[in-house]
Amino acid sequence: MGDILERAFFERPATEVAPELLGALIVREIDGQRVRAVVVETEAYQGMEDKACHASRGKTKRNAVMFGEAGHAYVYFTYGMHWMLNVVCDDMDLPAAVLIRALAPLDGLEAMRARRERDFGKPGWLNGPAKLCQALEIDGALNGADMCDKSTGLWFEKGFDLKADIVKQSARIGIGYATEPWLSLPWRWYVDSSSLSDLIKL
DNA sequence: CGCCAGATCCACT
DNA sequence: GTGGATCTGGCGG
């Protein structure tokens, strides 16, 4: 616990990184305050052949970061109002990323109150890729930021070792535009909500 | 509860 | 011009 996740951790396919990121900590510095939360839901987007992946139609201005070095943040804007946080995986020029879909609050939470006044501290207030970005003040300014460098104010640390039986899998959410088999691949990993209270006590 | 529409805008076609 | 790796509140059961 506490050691930063180094670049080598991310230099693998997103389908390997995504499940291992569960239980890790995401750390964010906002106004000199340090916020920590536990990653509890991820999705893998792997390669140009993955029809759900933004990179499937080639490199563009929007998805360019995914074609770069692993360990950097791919932050994109969607639905006219929401930011999403991914961490780039795999080799250079092989687009892959893990979408961070939900967190369990750990400490330093007050720094997030003003940004999520609507539901701060209520159950599930960090479950949702756009909600957690809002809470952690993550937006386009962080697109491309190196998450293996603490000076960016955003990185991952080793966290909890999860027992395999509390990790579940499903198809990815919100990718109705994709085609089979990508549409149904079980590339979403999450900690079952009924196991969350056990996790935080660890 | 579950279902659904509206919000809102940038990059891509 | 189109549509999204979403969230929210309103409405009906």
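The chains referred to below are lettered A, B, ... by the order of the sequence lines, with proteins before strands, and numbering in each begins at 1.
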task = Ignoring backbone atoms, test whether Arg62(A) places a side-chain nitrogen or oxygen under 4.0 Å from the OP1 or OP2 oxygen of dG4(C).
result = no

ask   = Can Arg7(A) be said to sit on top of Phe9(A)'s aromatic six-ring, NZ or CZ under 6.0 Å from centre and within 45° of the ring axis?
value = no

task = To the nearest Å, give me how far apart CG (Asn63(A)) and P (dA11(B)) are.
result = 12 Å

request  = Take atom CD1 of Ile138(A) and atom C1' of dA5(C), then tell me their distance rounded to the nearest Å.
outcome  = 15 Å

ask   = Just by distance, do the side chain of Gln169(A) and the backbone of Trp187(A) share a donor-acceptor pair under 3.5 Å?
value = no

query = Is any side-chain heavy atom of Ser56(A) less than 4.5 Å from a side-chain heavy atom of Asp50(A)?
reply = no

inquiry  = Quick check against the 3.5 Å criterion: does Arg172(A) have a side-chain atom that pairs as donor or acceptor with the backbone of Trp182(A)?
reply    = yes

query = Rounded to whole angstrom units, what separation is found between the CG atom of Asn143(A) and the C1' atom of dC10(B)?
reply = 13 Å

request  = Return the orientation label for the His54(A) and Tyr74(A) ring planes: parallel under 30°, perpendicular over 60°, tilted otherwise.
outcome  = perpendicular

message = Side chain of Arg116(A), heavy atoms from C-beta onward: which of dA5(C), dT8(C), dC12(B) has the nearest atom to it?
response = dT8(C)

query = Looking for any heavy atom pair under 4.0 Å, which part of the strands does Arg188(A) touch: base, sugar-phosphate only, or nothing?
reply = nothing

task = Decide side-chain contact (heavy atoms from CB on, under 4.5 Å) for Arg28(A) and Leu142(A); before the verdict, give the C-alpha distance in whole Å, the side-chain angles of both, and the deciding distance to 0.1 Å.
result = CA-CA 12 Å; Arg28(A) 174 75 172 129; Leu142(A) 279 168; 3.6 Å; yes

query = Can we call the ring centroids of Trp83(A) and Tyr76(A) under 6.0 Å apart?
reply = no

request  = Could you state the atom-to-atom distance from OH of Tyr74(A) to C1' of dA5(C) in whole Å?
outcome  = 9 Å

ask   = Touch check for Met81(A), heavy atoms < 4.0 angstrom, all strands: base, sugar-phosphate only, or nothing?
value = base

request  = For dG9(C), take OP1 and OP2 only and decide whether either is under 4.0 Å from a side-chain N or O of Arg118(A).
outcome  = yes

query = Is the phosphate of dA5(C), meaning OP1 or OP2, less than 4.0 Å from a side-chain N or O of His54(A)?
reply = yes

request  = For Gln134(A) and dT8(B), give me the distance from atom CD to atom P, rounded to whole Å.
outcome  = 14 Å

query = So does Thr60(A) get a side-chain nitrogen or oxygen closer than 4.0 Å to the phosphate oxygens (OP1/OP2) of dA11(B)?
reply = no

ask   = So what does Ile175(A) hit on the nucleic acid, given a heavy-atom distance under 4.0 Å: a base, only sugar-phosphate, or nothing?
value = sugar-phosphate

query = Given Lys59(A) and Asn63(A), is the side-chain hydrogen bond (donor to acceptor under 3.5 Å, both in side chains) satisfied, shown in steps?
reply = CA-CA 6 Å; Lys59(A) 185 175 180 178; Asn63(A) 65 27; over 6 Å; no

note = Per the 3.5 Å Watson-Crick/G-U criterion and a run length of at least three, the stems involving DNA chain C are B:1-7 with C:6-12, B:9-12 with C:1-4

query = Base, sugar-phosphate alone, or nothing: which one does Ala52(A) contact when heavy atoms must sit under 4.0 Å apart?
reply = base

inquiry  = Under 6.0 Å between ring centres: does that hold for His82(A) and Phe77(A)?
reply    = no

Tyr76(A) OH to dC12(B) P, straight-line distance once rounded to whole Å = 14 Å

query = In whole angstroms, how far is the C1' atom of dA11(B) from the CZ atom of Arg57(A)?
reply = 12 Å

key: Residues from residues 121-132 of chain A lying under 4.0 Å of DNA chain C - heavy atoms   = Gly128(A), Pro129(A), Ala130(A), Lys131(A)

message = Rounded to whole Å, please give me the gap between CG in Leu183(A) and P in dA5(C).
response = 13 Å

query = Tyr79(A) side chain N/O closer than 4.0 Å to the phosphate oxygens (OP1, OP2) of dG4(C)?
reply = no

query = Any Lys/Arg nitrogen of Arg12(A) or Glu20(A) sitting under 4.0 Å from an Asp/Glu carboxylate oxygen of the other?
reply = yes

